[in-house]
Amino acid sequence: MTNSLEDLARADVILLTGTNTIENHPVIAQMIKTAVLSGGTKLIVVDPRDISMARYAAVYLRPRPGTDVAWLNGMARLILAEGLADEKFIESRTEDFEELKRAVDAYTPELVQKITGIPHADLKKAARLYASAPSAAIYYAMGITQHTTGTDNVKAVANLAMLTGNIGRQGTGVNPLRGQNNVQGACDMGALPNVFPGYQPVSDDGARRKFEKAWGVKLPGEPGLTVLEMMNAAARGDIRAMYIVGENPVLTDPDSSHVVEALEKLDLLIVQDIFLTETAKLADVVLPGVASVEKEGTFTNTERLVQRSRKAVEPPGETRSDMDIVIDLSNRIGYKQSYSGPDKVMEEMASLTPSYAGISFGRLARGGIRWPCPDKKHRGTRILHAKEFTRGKGRFHPVEYIEPAELPDREYPFILTTGRMLYHYHTGSMTRRSRALAEYISDGWAEINPRDAKRLGIREGAPIRLSSRRGSVETKAKLSARSPEGVVFMSFHFAEQAVNRLTNPAMDKDGKIPEFKISAVKIDPVSST
Amino acid sequence: MAGISIKVNGRSVSAYPGTSVLEAARKIGIEIPTLCHHPELAPTGYCGVCVVEDLGSGRLITACDTPADHGMDISTDSPRVTEARRRILSLILSDHPETCVICEKGNACRLRELSSNLGLAFTSAQRLGHLRGVVDANPFIHRDLSKCIGCQLCVRACREIQGAEAVEFTWTGLKGRPLVTGDQEMSGSACELCGLCVSLCPVGALIEKPTAHTGVEEQSVSVICPYCGVGCTLSVRVRDNEVIGVQAGVPGSVNGPSLCVKGRYGLGYVQHGERLTKPLVREGDELVEASWDEALDKVAEGFKKTMKTHGTDSVGILASAKATNEENYLLQKFARAVIGTNNVDHCARL
């Protein structure tokens with residue numbers, strides 16, 4: 001997030017898109033809902049599913065899945081046409097504005113309505129509301145990013161914020177909501193194939209030399225492979241050994257049967273987890289880790305806030321923390337290292353990572369700190385890009401609407417879109433083992449529009465089969481107008497109906513994110529005999 | 001802004017205009033008892049327990065929703081105040097079941113605490129029998145509205161803090177009670193089962209089911225929630241090395257008094273019987289228990305062999321969005337410095 005949660009309620013307008021916030025980030029949803037109910041904030045919701053948050057919206061737009069660049073460009077065009085752009089901000093803070101202007105010019109309200117299904121008048125209402133607010137913030141999540149055009153979608157979002165000068169001030173910003181308690185931290189720490197901690201590129205000679213000196217070894221300068229690329233390389237036989245810590249790709253990655261094939265082909269698969277997950281079952285060696293309530297450490301939340309988490313209970317049996325295991329393994333392989341505790345690991349990391357340089361366990365004991373925090377006196381950064389962007393001037397990146405990789409056709413006439421539900425989480429390895437949650441909702445369903453269901457002769461709760469070009473799953477139908485006609489929604493929490501057997505592994509070419517939000521499927525009733 | 005000054009129990013206190021008598025008194029360490037008050041909610045004066053006397057005018061006023069006025073002389077414990085407070089509490093008690101011994105709220109009950117502070121017993125008032133059915137509709141919340149004292153903290157919190165408006169107060173007078181809006185089942189309503197109302201209920205009308213009958217914690221430990229990326233602080237209640245419950249409200253936390261259904265009720269997995277407790281090593285189709293030495297040597301030898309035969313880039317490592325920063329740092333260092341590959345990623349995209 002460019003901004004912090006503290007200034008969320010300062011926004012006069014919040015534009016929520018591609019985030020089912022009430023179910024995926026309930027406590028942020030609570031902040032947004034109370035801001036709206038208090039009368040201080042107006043809400044625009046843009047989502048193909050009529051999510052509960054739409055009930056709080058002053059304007060609700062319902063685009064067809066996968067058409068985000070079209071409506072975002074259309075809004076930019078309307079803002080320009082109505083003279084609502086922030087010319088001072090564009091002039092002093094940005095570049096390549098002319099390119100943006102040219103690119104969005106084709107996105108007339110008529111064309112946008114044709115592509116997205118959003119009525120002209122509604123788009124105009126949203127554009128006016130967003131652009132005329134003194135402070136307007138955009139919040140988004142995987143509904144924007146999990147597309148083959150995910151990077152383009154984010155660029156189009158950023159264009160809108162820059163066009164209206166809604167960046168670098170309280171109550172504004174471009175704010176992605178991160179979905180896991182330390183996904184921000186894992187990225188910050190360089191658990192990515194192209195960067196060291198603090199997003200210092202591995203290909204940068206200076207950065208590499210710094211880490212080589214600190215770690216006392218020669219380091220590779222070519223970026224490595226992303227998750228899905230690793231799976232493909234494993235299937236080809238180029239990756240021969242994998243070490244998977246606290247992840248369950250058999251259920252989370254698209255096209256599961258391909259993932260299982262790839263993992264089975266490995267010479268060596270090591271899985272470190274707290275449960276014998278679907279992925280761990282395929283492993284050659286399974287190492288038992290400890291749960292987060294059983295260890296000391298820090299996590300970084302969606303607003304870049306680094307916080308300490310304390311050890312509440314002793315871990316069971318012979319389990320060992322990830323930290324302990326990794327250090328032991330390094331020593332056995334021949335790279336000697338030791339730390340007296342996680343605080344010392346953070347000390348080493350901070351000494352090599354400018355954005356975390358001023359953060360330490362000692363300081364965090366008195367409360368969380370938002371990075372960048374360049375030195376020990378710095379109090380952290382609530383709002384990014386306040387005076388200038390990381391690269392100096394903010395650059396408009398013109399983007400064009402491109403169709404999703406796999407559209408419905410006669411054989412597979414429905415769009416399948418996937419996500420989470422409020423009561424469960426990711427592959428269910430934790431929530432399905434927590435009694436109250438598991439008791440409340442014990443299995444999944446496919447949410448289907450009642451009109452589609454009627455046409456197919458499917459009743460509430462009826463067993464159905466969803467099939468794509470990659471596989472099929474059986475589930476039950478939940479009739480709800482939350483899903484628009486032609487769209488069916490499933491969560492990926494339930495191994496018995498692993499929806500990722502169906503999903504399309506097509507990826508965004510830059511972000512390498514799979515298109516979970518759009519796969520073509522067909523739906524058949526299953527006879528109960 | 002010019003400050004104002006009032007006297008509470010003979011001591012002077014200055015405050016900003018708009019400060020309530022309750023807040024002004026608290027500033028100098030004088031606690032006025034309350035039942036329906038919560039610092040995050042607009043004051044209402046519903047319960048009347050915070051009654052104080054304005055010695056200047058002789059009026060009895062509710063301290064939570066009366067703004068301090070310059071020159072006020074307030075008594076929080078005059079005989080008239082004590083008598084009024086006893087009367088108010090007696091009336092509440094007359095419509096409250098005498099089931100304290102087996103009530104899950106136990107000594108955490110505010111009504112019980114205030115009554116015993118004032119030396120009140122149940123028998124001091126004429127009993128009113130307003131029994132209402134116990135609602136046991138879901139695995140999270142147990143509702144026993146015969147214990148409801150009508151403070152409306154649940155209704156107000158659901159509206160003002162949670163923004164869900166899932167509960168409303170229906171009927172009037174003695175029949176009044178909070179209901180899920182439209183008197184529906186919780187599961188079909190706007191209720192998100194966040195548990196905020198339960199955590200604020202001053203009596204035993206709303207009880208957390210998953211943690212009922214687990215006793216009192218030995219300590220509470222601040223843990224960052226293991227689920228989404230909001231970074232809520234869970235105050236984890238621990239007894240006998242077990243997690244017996246979760247509370248919000250840790251000062252300085254992102255979430256304040258709020259949590260979601262997963263954060264509040266979703267830590268059961270920690271003690272689940274299927275936790276892995278020993279390393280496992282594959283023997284044919286089976287995964288069998290092994291010692292750490294055996295397992296880690298096998299891993300180290302396997303890595304060394306793969307690196308030697310197929311090169312360092314034949315190894316791939318997935319770190320974890322569930323592990324700590326320190327662990328992720330070590331995992332990417334392991335990939336880069338120990339193995340010699342940049343093939344390290346995690347599920348940021350999934």
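Please read these numbers as outputs of a predicted model, since none were measured by experiment. Letters A, B, ... are given to chains in the order of the sequence lines, protein chains preceding strands, and every chain is numbered from 1.
Asp313(B) contributes atom CG, which lies 7.5 Å from atom CG of Leu225(A) (distance to the nearest 0.5 angstrom). For the atom pair CD1 of Ile244(A) and CD1 of Ile317(B), the computed distance is 10.5 Å after rounding to the nearest 0.5 Å. Here CZ of Arg336(B) is found 12.0 Å from CD of Glu212(A). Values are rounded to the nearest 0.5 Å. Asn328(B) CG to Asp322(A) CG: the interatomic distance, rounded to the nearest 0.5 Å, is 8.5 Å. Remark: Ile161(B) CD1 to Leu37(A) CG distance equals 12.5 Å, nearest 0.5 Å. In this structure, SG in Cys194(B) is found 11.5 Å from CD1 in Ile22(A), a value given to the nearest 0.5 Å.
Interface remark: Lys304(B) contributes side-chain atoms only to the contact with chain A (heavy atom separation under 4.5 Å). Contacts of Thr145(A) with chain B are absent, with no heavy-atom separation under 4.5 Å from either backbone or side chain. For Met349(A), the parts sitting under 4.5 Å from any heavy atom of chain B are the backbone and the side chain alike. Contacts of Met507(A) with chain B are absent, with no heavy-atom separation under 4.5 Å from either backbone or side chain. Of the two parts of Ala233(A), neither the backbone nor the side chain holds a non-hydrogen atom closer than 4.5 Å to a non-hydrogen atom of chain B. Contact of Leu276(A) with chain B is made through backbone and side chain together, with heavy-atom distances under 4.5 Å. Both the backbone and the side chain of Val223(B) come within contact range of chain A, each with at least one heavy atom under 4.5 Å from a heavy atom of that chain. With a threshold of 4.5 angstrom between heavy atoms, Met242(A) approaches chain B through its backbone and through its side chain. Both the backbone and the side chain of Ile239(A) have a heavy atom closer than 4.5 Å to some heavy atom of chain B. Heavy-atom distances place both the backbone and the side chain of Val315(B) under 4.5 Å from chain A. For Glu160(B), the part lying near chain A is the backbone, with the side chain staying farther off; criterion is any non-hydrogen pair under 4.5 Å. There is no contact between Asp240(B) and chain A, counting heavy-atom distances below 4.5 Å. Of the atoms belonging to His310(B), it is side-chain heavy atoms, and not backbone ones, that fall under 4.5 Å from chain A. With a threshold of 4.5 angstrom between heavy atoms, Thr309(B) does not approach chain A through any atom at all. Only the side chain of Arg55(A) comes within less than 4.5 Å of a heavy atom of chain B; its backbone N, CA, C and O stay farther away. For Cys347(B), the parts lying under 4.5 angstrom from a heavy atom of chain A are both the backbone and the side chain. Heavy atoms closer than 4.5 Å to chain A are found nowhere in Leu196(B), neither backbone nor side chain. Interface remark: Thr341(B) contributes backbone atoms only to the contact with chain A (heavy atom separation under 4.5 Å). Heavy atoms closer than 4.5 Å to chain B are found in both the backbone and the side chain of Val245(A).
A donor-acceptor pair shorter than 3.5 Å cannot be found between the side chains of Tyr339(A) and Glu326(B). Side-chain atoms of Asn325(B) and Asn182(A) form a donor-acceptor pair, as typed in the model, at a separation below 3.5 Å.
Here Pro139(B) is the residue among Cys260(B), Gly268(B), Pro139(B), Ala319(B) with the most heavy-atom pairs under 4.5 Å with chain A. When each of Met307(B), Glu242(B), Lys333(B), Arg237(B) is scored by its heavy-atom pairs under 4.5 Å with chain A, the top score falls to Lys333(B). When the candidates Ala335(B), Ala290(B), Gly263(B), Pro226(B) are compared by the number of heavy-atom contacts under 4.5 Å with chain A, Pro226(B) comes out ahead. Heavy-atom pairs under 4.5 Å with chain A peak, among Asp297(B), Asn255(B), Val236(B), at Asp297(B). Options Ala300(B), Pro210(B), Ala337(B) differ in how many heavy-atom pairs under 4.5 Å they form with chain A, and the most are formed by Ala337(B). Annotation: maximal heavy-atom pairing with chain A below 4.5 Å, among Ser220(B), Ala348(B), Gly273(B), occurs at Ala348(B).
Here Phe334(B) and Tyr243(A) bring their ring centres to under 6.0 angstrom of each other.
Looking only at side-chain heavy atoms (C-beta outward), Asp345(B) and Leu228(A) stay at 4.5 Å or farther from each other. Within the 4.5 Å cutoff, the side chain of Pro197(A) has heavy atoms near those of the Gln332(B) side chain. Side-chain contact between Leu287(B) and Val286(A): present, with at least one pair of heavy atoms (C-beta onward) separated by less than 4.5 Å. Side-chain contact between Tyr269(B) and Phe275(A) is present, with heavy atoms from C-beta onward closer than 4.5 Å. Two residues are said to be in side-chain contact when any heavy atoms from C-beta on lie closer than 4.5 Å; Phe299(A) and Thr324(B) meet this criterion. When side chains are defined from C-beta on, Val338(B) does not count as touching Trp215(A), because their heavy atoms never get closer than 4.5 Å. Contact of the Lys322(B) side chain with the Ser292(A) side chain is not registered, since no non-hydrogen atoms from C-beta on lie closer than 4.5 Å. Looking at Glu318(A) and Thr277(B), their side chains never come closer than 4.5 Å, going by heavy atoms from C-beta outward.
Partner of Tyr329(B) under the side chain to side chain contact (heavy atoms under 4.5 Å, CB included) criterion, out of Thr353(A), Asp188(A), Val345(A): Val345(A) alone. Checked options Gln271(B), Arg275(B), His272(B); the residue passing with Pro316(A) is Arg275(B) (criterion: side chain to side chain contact (heavy atoms under 4.5 Å, CB included)).
With Arg349(B) contributing its side chain and Gly511(A) its backbone, the two residues share a donor-acceptor pair below 3.5 Å. Proximity of a side-chain donor or acceptor of Trp292(B) to a complementary backbone N or O of Ile325(A) within less than 3.5 Å is not detected.
Nearest approach of Ile333(A) to Phe303(B), heavy atoms of both residues: CD1-CD1, 3.7 Å. Residues Ser434(A) and Tyr227(B) share a closest heavy-atom pair of OG-OH, 4.1 Å. Here the closest heavy-atom approach between residue Glu222(A) and residue Asn342(B) is recorded as O-ND2, 2.8 Å.
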Test Glu23(A) against Lys262(B) for salt bridge (charged side-chain N to carboxylate O under 4.0 Å, His left out), laying out the working first. CA-CA 10 Å; Glu23(A) 299 205 64; Lys262(B) 293 189 289 286; over 6 Å; no
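Lys295(A) and Glu327(B) are joined by a salt bridge, as a carboxylate oxygen and a charged side-chain nitrogen come within less than 4.0 angstrom of each other.
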